[in-house]
A.B. asks: 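Below you'll find the structure I mean.
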Amino acid sequence: MLSPITLAFTSSFLLSFTSGVRILPNTNGALSLLDSYDYIIVGAGIGGLVVANRLSENASVSVLVIESGDIDDRAEDISIPGNVGLEDPRRYEVKLEMTPQEFLDGETRVFTQGNVVGGSTIVNGLVWTRGSVADFDAWEHLGNPGWGWMGLLPYFRKPAIDEHGLHGPVEVGYPKYFYNQSHNFLSGIQKLGIPANEDPNNGNATGACIVPSSMTAKNQSRSDARTAYLDPVLERPNLHLITGHAVARILYGKGGKNSSSSTYIPSFATNQTIDTIIATCKKEVILAAGSIFSPVLLQISGIGPAKLLKSLGVDVAIDLPGVGSNLQDHPTLEPVYDSWDIVGSTRDAVREEYLANRTGPWTAPMVNAIALPALSWITERVQEVLDDAANAKSTLPSSYDATLREGYAAQKTELLSLLARTDTPAYEVMSTSWGQLAISAMQPFSRGTVLANSSSIFENSQPIIDPRFCSHPIDCELLLIGLEFNNRLIQTPPMAALKPTPPPGFGIEEAQNRTALDETMRRKITTGFHLSGTTSMLPLAYGGVVDPSLRVYGTRNLRIVDAGVIPLIPGAHIQAAIYAIGEKAADIIKNENSGTLPSMNPRPGEPQDSQQASPENSSKP
Ligand SMILES: Cc1cc2nc3c(=O)[nH]c(=O)nc-3n(C[C@H](O)[C@H](O)[C@H](O)COP(=O)(O)OP(=O)(O)OC[C@H]3O[C@@H](n4cnc5c(N)ncnc54)[C@H](O)[C@@H]3O)c2cc1C
Ligand SMILES: *[C@@H]1O[C@H](CO)[C@@H](O)[C@H](O)[C@H]1NC(C)=O
Ligand SMILES: *[C@@H]1O[C@H](CO)[C@@H](O)[C@H](O)[C@H]1NC(C)=O
Ligand SMILES: *[C@@H]1O[C@H](CO)[C@@H](O)[C@H](O)[C@H]1NC(C)=O
Ligand SMILES: *[C@@H]1O[C@H](CO)[C@@H](O)[C@H](O)[C@H]1NC(C)=O
Ligand SMILES: *[C@@H]1O[C@H](CO)[C@@H](O)[C@H](O)[C@H]1NC(C)=O
Ligand SMILES: *[C@@H]1O[C@H](CO)[C@@H](O)[C@H](O)[C@H]1NC(C)=O
Ligand SMILES: *[C@@H]1O[C@H](CO)[C@@H](O)[C@H](O)[C@H]1NC(C)=O
Ligand SMILES: *[C@@H]1O[C@H](CO)[C@@H](O)[C@H](O)[C@H]1NC(C)=O
Ligand SMILES: *[C@@H]1O[C@H](CO)[C@@H](O)[C@H](O)[C@H]1NC(C)=O
Ligand SMILES: *[C@@H]1O[C@H](CO)[C@@H](O)[C@H](O)[C@H]1NC(C)=O
């Protein structure tokens, strides 16, 4: 039933292999791919590398990771916290365009994410926040036993050496330098009644703080999924990594149309001109390509909403309506109030100090201080806002079926309760190193979609990404309250001392006209870089894609471990939660595979007849 299929590659592959591709561990160019692997992992971001590391702890288990990007060069713009965001490490990013945002100004937005070993942790802003007890208890309420705060806590602890003295591969700490204006910010915030929070990661995230970062204390440099989970285990002979190859499709193995006995096998290639290479798995395929490309890979492999798949000309293997839906993000505004001199020293001197002593401004990431206010701390109209949130006409995408609508109704109940609490934030304000007071709505009610635009990842390869920012009006209402709060903040004596100047349209006088402020604001709202939910861990009746063991409904050995499985976005930056998801997933997979193969899980509706190519037969992606 699971007999391995010979690795099929052609001479054109061998050519590209010798020129561009790296296979690790380095075998001096000798081809070291095995005929088959116990586990094949698609994508070397957070989810992929955490699971790869943990599964390969057992030397008799073979693991292959396939990553579309390269390995980064550890240049200064990657490793030095002070360079984050200033010198965009674009060479390791894919730039994706979001569709015109009809509830904002009708314009598109750009979204970038890591395309490199380490995924988005190579390019992210280092902010390390877990979120609150209630954020994760909401996951459990939504039908995911074991995924509440108490169920996740051991896994929150596992990845990070943190301020609690606990051990793990990712280091979390504080820089050796604080921008002067961080102190102005924190004093100003406290003048407005927002309390300080000494430990935002203890389960009550609200308050204001100097923010913990994913950085090494000793070296004062970026700590990411690659340095934490891959570099220390590069020598493991049972862990192979192939870079520069995108997985093009997940194929059904022996067992064909009968999905209860089929194996999922990734085929991968650098691009459409090169014949597909097929890797065979003996146990499981784990999709960890992130919240955009995991759902797209499922869709073009025949797992997704039947209507979409038919329009793409893809045979429907499993009609799973949730694939690509329930997209959530923290909508964000980035007004800059001044370009005050944060450093008071020349760039060369700052660099010299960092390189010589690992001290000074370059140890500090762009975000130094944040505040996460509860709703009742920023507005007197709490009940009015909650009523608006509850009663606004729901504008879900027309493509959402009854199960997705049911799932959204359940999420909305959770969101209303989260918004009313004092230990979960309504919004965030981040003070950055260049005078930004960036604000994000932390309990977003809007939902969007990620849809493949063709049956091949190489053709029209940009998926259609529509976050539908402010399709639920409460998200914009909260951002407006946030802008008004910013205007109060800059008038507090500690902040006024910096002589901040609001950007055009956001001035204190101009903000008196709420209609005009709202219009200006809608032109500026953009992504918070926290896209999640597109392959949600939710019951089938709620439009879920994976069950609480992260297995795709209707399959036996296909799991997803990335930001897409988040059912409801926490009121926090999400990397800490994704590392925890990866750790918990690895334990689940180890436990389930200690004996027999995992059993089949429920399948939505009747199985559809599918015409998947058999691996021996398919040669083109
Ligand atoms: C600019 C930016 C700033 C951010 N700042 C912060 C922050 O300060 N704090 C925070 O907590 N979070 C932050 N985030 C979010 C956080 O880094 C991401 O949410 C997180 O890395 C997502 O993890 P993941 O495992 O889902 O996917 P990723 O880490 O993105 O990894 C997915 C991997 O899959 C690969 N892949 C995709 N398609 C294929 C394919 N077909 N075949 C093979 N490989 C494929 C990609 O190249 C990538 O390496 C930021 C994100 C961005 C983009
Ligand atoms: C390691 O993996 C092998 C093969 O799957 C299994 O038999 C063994 O029990 C595992 N060892 C541990 C310590 O889990
Ligand atoms: C940390 O510093 C040590 C020397 O003190 C050096 O060998 C190592 O490469 C550094 N690591 C990083 C990530 O900069
Ligand atoms: C599908 O697989 C199951 C379990 O292996 C088997 O019992 C069943 O007969 C198969 N059905 C078909 C149509 O092959
Ligand atoms: C595909 O790969 C070939 C060989 O590496 C290269 O010449 C060509 O430009 C690539 N095409 C695309 C669309 O990336
Ligand atoms: C920061 O504040 C200290 C103490 O108030 C002051 O001495 C220093 O010059 C300030 N630095 C900058 C860059 O403004
Ligand atoms: C590094 O630290 C030492 C000791 O404090 C100091 O004398 C030296 O000037 C520092 N070097 C730089 C480049 O700042
Ligand atoms: C959460 O912390 C804030 C700030 O310390 C405090 O005001 C609030 O009462 C706390 N909420 C709960 C429910 O503990
Ligand atoms: C989707 O594909 C069509 C061609 O089929 C193309 O015209 C369009 O630009 C693509 N959309 C995106 C968002 O890439
Ligand atoms: C407020 O702004 C709106 C939109 O720009 C404008 O139409 C309206 O006249 C303004 N109202 C006042 C009182 O200035
Ligand atoms: C390819 O598929 C065809 C039709 O499904 C089948 O007859 C043929 O045996 C397959 N070839 C191989 C090499 O498996």
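Both backbone and side-chain heavy atoms feed into the values below; hydrogens, waters and symmetry mates do not.
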A.B. asks: Does Asp518 pair with Arg522 as a salt bridge, N-O distance under 4.0 Å?
C.D. replies: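 Yes, this pair counts.
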
A.B. asks: Which residue, Thr501, Asn487, Asn486, forms the side chain to side chain donor-acceptor pair (under 3.5 Å) with Tyr337?
C.D. replies: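 Of Thr501, Asn487, Asn486, side chain to side chain donor-acceptor pair (under 3.5 Å) with Tyr337 is met by Asn486 alone.
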
A.B. asks: How close do Met215 and Thr363 get, counting heavy atoms only, and between which atoms?
C.D. replies: CE-O, 3.2 Å

A.B. asks: If we only count heavy atoms from C-beta on, is the Thr535 to Val552 side-chain gap below 4.5 Å?
C.D. replies: no

A.B. asks: Dump the intermediate steps for ring-ring contact (aromatic ring centres under 6.0 Å, His included) on Tyr579 and Trp128, then the final yes or no.
C.D. replies: CA-CA 11 Å; Tyr579 279 105; Trp128 187 272; 5.5 Å; yes

A.B. asks: Looking at residues at least two apart in the chain, or sitting in another chain, which of them share a side-chain hydrogen bond (donor to acceptor under 3.5 Å, both in side chains) with Asn184?
C.D. replies: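 Asn184: no side-chain hydrogen bond (donor to acceptor under 3.5 Å, both in side chains) contacts found.
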
A.B. asks: Quick check against the 3.5 Å criterion: does Gln299 have a side-chain atom that pairs as donor or acceptor with the backbone of Ala452?
C.D. replies: yes

A.B. asks: Answer yes if the side chains of Ser182 and Asn368 hold a donor-acceptor pair under 3.5 Å, and no otherwise.
C.D. replies: yes

A.B. asks: By the salt bridge (Lys or Arg N to Asp or Glu O under 4.0 Å) test, which pairs, at least two apart or in different chains, include something from residues 100-120?
C.D. replies: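 The answer is Asp105-Arg109.
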
A.B. asks: Please find the pair of heavy atoms, one from Val429 and one from Phe185, that lie closest to each other, and give the distance.
C.D. replies: O-CZ, 3.8 Å

A.B. asks: Could you tell me whether Phe445 and Tyr408 have their ring centroids closer than 6.0 angstrom?
C.D. replies: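 Between Tyr408 and Phe445, which both carry aromatic rings, the centre distance is not below 6.0 Å.
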
A.B. asks: Taking Val367's backbone N and O only, do any of them form a donor-acceptor pair with Gln436's side chain (distance below 3.5 Å, no angle check)?
C.D. replies: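 No, because the side chain of Gln436 does not come within donor-acceptor range (under 3.5 Å) of the backbone of Val367.
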
A.B. asks: Could you tell me the separation between the OG atom of Ser68 and the CD1 atom of Ile242, rounded to the nearest 0.5 Å?
C.D. replies: 11.5 Å

A.B. asks: Under the rule for side chain to side chain contact (heavy atoms under 4.5 Å, CB included), what residues qualify as partners of Thr395, not counting sequence neighbours?
C.D. replies: Phe103, Arg468, Ser471

A.B. asks: Any sub-3.5 Å donor-acceptor pair from Arg226's side-chain atoms to Ala44's backbone N or O?
C.D. replies: no

A.B. asks: Please confirm whether the backbone N or O of Pro81 pairs with a side-chain atom of Gln220, one donor and one acceptor, at under 3.5 Å?
C.D. replies: no

A.B. asks: Of the options Asp72, Asp70, Asp73, which is the one that meets Arg91 in a salt bridge (Lys or Arg N to Asp or Glu O under 4.0 Å)?
C.D. replies: Asp73

A.B. asks: Would you say Ser536's side chain and Val545's backbone share a donor-acceptor pair under 3.5 angstrom?
C.D. replies: no

A.B. asks: Report yes or no: do Glu583 and Tyr229 form a side-chain donor-acceptor pair below 3.5 Å?
C.D. replies: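 There is such a pair (donor and acceptor under 3.5 Å, judged by atom type) between the side chains of Glu583 and Tyr229.
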
A.B. asks: For Gly564, does its backbone N or O pair with a side-chain atom of Asp562 as donor and acceptor, under 3.5 Å?
C.D. replies: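 A pair under 3.5 Å: yes.
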
A.B. asks: Above 12 or not: heavy atoms from other molecules or residues under 6.0 Å from NZ of Lys524?
C.D. replies: no

A.B. asks: Mind checking side chain to side chain contact (heavy atoms under 4.5 Å, CB included) for Lys307 and listing every partner two or more places apart, or none if nothing turns up?
C.D. replies: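 Partners of Lys307 by the side chain to side chain contact (heavy atoms under 4.5 Å, CB included) criterion come out as none, since no residue qualifies.
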
A.B. asks: Would you please indicate yes or no on a ring centroid separation below 6.0 angstrom for Trp434 and Tyr179?
C.D. replies: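 No, ring centres 6.0 Å or more apart.
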
A.B. asks: I'd like to check the side-chain hydrogen bond (donor to acceptor under 3.5 Å, both in side chains) partners of Gln411; sequence neighbours left out, ordered by chain and number.
C.D. replies: Asn326, Arg447

A.B. asks: Distance only, no hydrogens: is a donor on one side chain within 3.5 Å (strictly under) of an acceptor on the other, for Asn453 and Gln462?
C.D. replies: no

A.B. asks: Do Gln443 and Asp475 have side-chain N/O donor and acceptor atoms under 3.5 Å apart?
C.D. replies: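 No, Asp475 and Gln443 have no side-chain donor paired with an acceptor closer than 3.5 Å.
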
A.B. asks: Would you please say whether a donor-acceptor pair under 3.5 Å links the side chains of Thr332 and Ser440?
C.D. replies: yes

A.B. asks: May I ask you to decide if Ser301's main-chain N or O and Arg249's side chain share a donor-acceptor pair within less than 3.5 Å?
C.D. replies: no

A.B. asks: Please enumerate all residues that pass ring pair (Phe, Tyr, Trp, His ring centres under 6.0 Å) together with His330, with sequence neighbours excluded.
C.D. replies: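 Residues passing ring pair (Phe, Tyr, Trp, His ring centres under 6.0 Å) with His330: His530.
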
A.B. asks: For residues Ser214 and Glu171, is any side-chain donor paired with an opposing acceptor at under 3.5 Å?
C.D. replies: no

A.B. asks: Is there a donor-acceptor contact under 3.5 Å from the side chain of Asp224 to the main chain of Ile122?
C.D. replies: no

A.B. asks: Keeping the roles fixed (side chain from Arg514, backbone from Leu480), state whether a donor-acceptor pair exists under 3.5 Å.
C.D. replies: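 Absent.
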
A.B. asks: Measuring from atom NZ of Lys95 to atom CZ of Phe111, what distance do you get when rounded to the nearest 0.5 angstrom?
C.D. replies: 13.5 Å

